[in-house]
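Below is one structure, written out as structure tokens, with a few remarks after it.
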Amino acid sequence: MDYLLTLNPQQREAVTAPPGPILVLAGPGSGKTRVLTYRVAYLIGALGVRPFHILAVTFTNKAAREMENRIIATVGAQARGVTIGTFHATCARILRREADHLPFDANFVIADTDDQRRLIKNVLQELNLDPKQYAPQKLHAAISRLKNEGIFPENFEPSSYGEKVLKQVYEAYQNRLLSSNLVDFDDLLLWTLHLLQTVPAVRQRYARRFQHILVDEFQDTNLVQYELVRLLGSHYRNIFVVGDADQSIYSWRGADYRNVLRFEQDFPDAKVILLEQNYRSTQTILDAAMAVIAPLQGKHRKQLFTSRGAGQKIAIRRVPDDREEARYVVETIASLVARGQAQPGDFAIMYRINAQSRVLEEAFLRAGLPYRLVGAQRFYGRREVKDALAYLRLAHNPADEPSLMRVINVPPRGIGTKTIAALRTAARRAGLAPGTLLLHMAAAPEDYQNFFSPRALKALLGFARPLAQWYELALSVSPADLMATILADVGYKEYLLDGTEEGEERWENVRELHRLASRYNEEGLSAFLEEVTLVSDQDTLEDAENTPILLTLHAAKGLEFPHVFIVGLVEGLLPHSRAWDNEDEMAEERRLFYVGLTRAKDQVYLTYPEMRMLYGYAEPAEPSRFLEEIPPELTTGDHPARGTTYWQGPRWEPAPAAETREPEFHAGDKVRHPRWGEGLVIGSRIKDGAELVDVAFESVGLKRLDAALARLEKIT
DNA sequence: GCATCGGATTTTTTT
DNA sequence: AATCCGATGC
């Protein structure tokens with residue numbers, strides 16, 4: 001147990017605490033991953049707990065893999081018996097095993113966001129609801145919220161007309177999922193909870209099996225997850241949770257950091273251990289980070305400290321726009337690397353929204369420097385990848401309606417909206433999923449002659465017959481071979497390769513997917529489909545390569561880098577404009593910035609552009625309020641409070657009177673711009689005290705300008 | 001049934 | 001800017 005010697009007293013206290021409920025409040029960089037890992041090792045090595053009786057829940061699959069490897073390194077191969085995984089993956093395993101008690105069967109497929117949206121749109125159509133009035137996205141979010149609170153459609157009591165509609169949609173949506181043998185992300189948790197609540201035998205089996213439960217990132221669990229932990233731990237009460245309320249950044253997906261308080265209430269005998277010493281960052285970085293979250297009130301206000309010393313000041317840089325910002329990032333990295341002061345892999349560039357990655361990518365490409373982008377979306381979100389996966393899912397489970405609808409006419413095979421509507425109707429009458437009906441049709445086409453026009457029947461059979469073959473084939477061949485067969489059958493390669501470069505790229509992606517599938521020869525199709533659906537963004541990150549990494553602040557959680565850039569520090573982006581009128585969301589933006597800052601070991605670089613791109617237009621941007629709150633003495637460069645004149649002239653204040661100000665420019669005015677020449681004013685409006693003028697220039701087309709900044713001159 | 005065009009709409013973060 | 005949607009014409 002040499003590893004115990006490497007821990008500080010608080011860490012050791014946590015690792016060696018006697019069984020029972022334990023709450024570890026761990027600041028960033030305080031070694032919580034080590035504590036969790038060693039705790040498992042200690043349970044096995046010192047207390048003789050059998051790995052089979054341990055459940056460890058992590059936030060990403062990558063974290064799960066790492067933890068497993070580290071436990072194995074500490075206590076040996078027997079550690080493989082520990083159940084380690086994300087909530088979602090663990091629940092999926094339980095549901096497959098216990099499917100007998102549930103309204104779907106064990107080979108269910110997990111519906112991703114895309115499937116969910118598709119289904120909701122279908123449901124709206126079926127219920128004759130206008131998707132303009134009831135935005136599918138909003139409904140989806142509302143349904144997800146209900147699920148995260150543990151509410152099934154039948155338990156939802158609507159209290160307004162809107163909620164009544166919501167209930168209707170939720171009900172229909174849930175039925176669709178079930179008839180397609182699908183389970184969405186939230187369902188994985190919800191059905192597992194339902195199972196544990198309603199089938200005592202199952203609850204007891206798992207509660208007795210998991211003598212010890214450990215949960216990482218506890219501040220980002222939602223209510224259902226909390227209940228799951230509580231029920232699974234109900235027999236032994238050995239629940240070890242680690243979290244940091246200041247790093248709670250997922251409330252929009254139902255996470256509730258108050259689970260930390262709830263835990264203290266539900267387990268009044270819980271031992272609470274504080275880890276405050278930071279082993280990651282310099283004191284300057286910690287001081288800046290604490291300043292950012294100082295306005296938040298909390299019960300346990302932490303004082304982060306390190307023995308590493310002050311270190312470098314935080315570099316703040318003001319830049320004209322996002323392109324210059326990206327150039328600054330790339331040049332700074334290149335010059336530090338050239339001078340031998342850092343390795344390319346020492347750098348991470350973080351941003352608030354994914355859209356910001358593009359300009360950065362372009363800058364790296366232009367400079368000819370390699371980079372890595374963290375984000376599953378990048379690959380698994382591609383149309384061609386989704387198509388190929390939909391085919392595989394369909395072969396695995398023909399009842400999968402979203403997958404069927406996705407590919408039934410891709411490549412085009414004469415099955416249009418009319419035919420699909422007829423197929424749907426026929427399926428509903430027969431009480432079958434459309435895909436199942438197609439299987440029947442392939443076997444006995446004559447049964448359907450009366451229902452479909454000859455033309456429709458022929459088109460449908462053109463799909464139904466191969467589908468029936470794939471369904472057979474799926475049982476006997478590997479996922480990779482199945483994929484190859486299907487794609488060859490439908491001529492997918494020819495469909496993609498249309499002579500354009502984009503087509504080439506798409507086909508490359510399909511081949512990449514095929515390569516991934518070939519890793520699942522042993523585990524089979526079901527495992528492959530599950531893996532590709534549950535990948536998290538971080539899971540796509542491979543450690544080996546020595547290149548800078550681009551990622552969102554959310555994806556940065558749990559990671560650390562010597563040098564961290566956070567870009568786009570302007571009002572509207574960080575904090576995001578969606579948080580402007582909501583105190584809770586604003587607090588979360590603050591924590592998000594805090595998470596970003598505390599990822600850095602040695603040096604932080606913050607940048608803010610004067611102009612922000614929005615929907616293709618440049619708009620003037622104000623420095624983020626968070627930037628101003630960092631004590632200037634911790635920084636070098638362009639701290640907004642350093643008295644650097646912001647815009648030319650007096651600083652632009654959104655005065656109340658300005659709201660009623662009349663625009664100086666009007667549609668029809670002719671104007672001249674020093675750079676773009678003559679143009680015609682299309683319109684002008686006052687927004688936040690600034691006059692925004694839309695001008696159509698002969699030279700460059702339509703531009704939106706701030707009248708106070710652009711030197712626009714009226715001409716007659 | 002399908003391709004094309006123009007207009008509207010969009011972006012927060014992700015399992 | 002990029003994508004999605006619906007209307008139009010073939």
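This structure is a prediction, so every number in the text was calculated from the model and none was measured. Lettering follows sequence order; numbering is per chain, from 1.
A donor-acceptor contact under 3.5 angstrom links the side chains of A/Tyr173 and A/Asp184, judged on distance only.
In this structure, CD of A/Glu362 is placed 11 Å from P of C/dA1, rounded to the nearest angstrom. Nucleotide B/dT11 holds its C1' atom 10 Å from the CG atom of A/Leu573, rounded to whole Å. For A/Glu585 and B/dT13, the CD to P distance is 14 Å, given to the nearest whole Å. Taking atom CG on A/Asp321 and atom C1' on C/dA1, their separation rounds to 15 Å, with Å as the unit. For A/Arg253 and B/dT14, the CZ to P distance is 9 Å, given to the nearest whole Å. Atom pair A/Gln125:CD and C/dC5:P shows a separation of 11 Å (rounding to whole Å applied). When the P atom of C/dA1 is taken as reference, atom CD1 of A/Ile353 falls 16 Å away, rounded to whole Å. Distance, A/Lys121 NZ to C/dG6 P: 8 Å, rounded to whole Å.
In this model, the phosphate group of B/dT11 is not approached by any side-chain N or O of A/Asn354 to a distance below 4.0 Å at OP1 or OP2. Look at A/Thr417 and you won't find any side-chain N or O under 4.0 angstrom from OP1 or OP2 of B/dG1. Not one side-chain nitrogen or oxygen of A/Arg383 sits closer than 4.0 Å to the OP1 or OP2 atom of C/dT3. OP1 or OP2 of B/dT11 has at least one side-chain nitrogen or oxygen of A/Gln137 nearer than 4.0 Å. Regarding contacts with the backbone of B/dT13, every side-chain N or O of A/Lys557 stays at 4.0 angstrom or more from both OP1 and OP2. Regarding contacts with the backbone of B/dT15, every side-chain N or O of A/Asn222 stays at 4.0 angstrom or more from both OP1 and OP2.
Nearest to the side chain of A/Thr86, among B/dT15, B/dC2, B/dT13, sits B/dT15. Closest approach to the A/Thr552 side chain among B/dT14, C/dC5, B/dT11 is made by B/dT14 (side chain taken as heavy atoms from C-beta onward). Checked against B/dT15, B/dG1, B/dT14, the side chain of A/His88 finds its nearest nucleotide in B/dT15. In this structure, the nucleotide among B/dC2, B/dT15, B/dT11 sitting nearest to the side chain of A/Pro412 is B/dC2. Ranking B/dT11, B/dT15, B/dG1 by closeness to the A/Arg455 side chain, first place goes to B/dG1.
Using cut-offs of 30° and 60° for the angle between ring planes, the A/Tyr371 and A/Phe364 rings count as tilted. Ring geometry for A/His88 against A/Phe185 counts as perpendicular: the plane angle is over 60°, on a 0 to 90° scale with 30° as the lower cut. Between A/Trp191 and A/Phe152, the two ring planes are tilted [angle within 30° to 60°].
No engagement by A/Asp186 is indicated, since no non-hydrogen atom pair under 4.0 Å with the nucleic acid exists. At the heavy-atom level, A/Gln116 lies nowhere under 4.0 Å from the strands shown.
Listed by chain and number, the residues in a side-chain hydrogen bond (donor to acceptor under 3.5 Å, both in side chains) with A/Asp187 are A/Lys147, A/Gln174 (sequence neighbours excluded).
Only the P atoms considered, C/dG6 is 16 Å distant from B/dT11, to the nearest whole Å.
Where A/Asn409 and A/His554 each meet DNA chain B at their nearest nucleotide, the meeting point lying more 5' is that of A/Asn409. Residue order along DNA chain B, read from the 5' end via each residue's closest nucleotide, puts A/Gly414 first among A/Gly414 and A/Thr60.
For A/Tyr495 and A/Tyr492, the ring centers are positioned less than 6.0 Å apart.
Remark: ring of A/Tyr250 not stacked against base of B/dT14; the cut-offs of centroid gap under 5.5 Å and plane tilt under 30° are not jointly satisfied.
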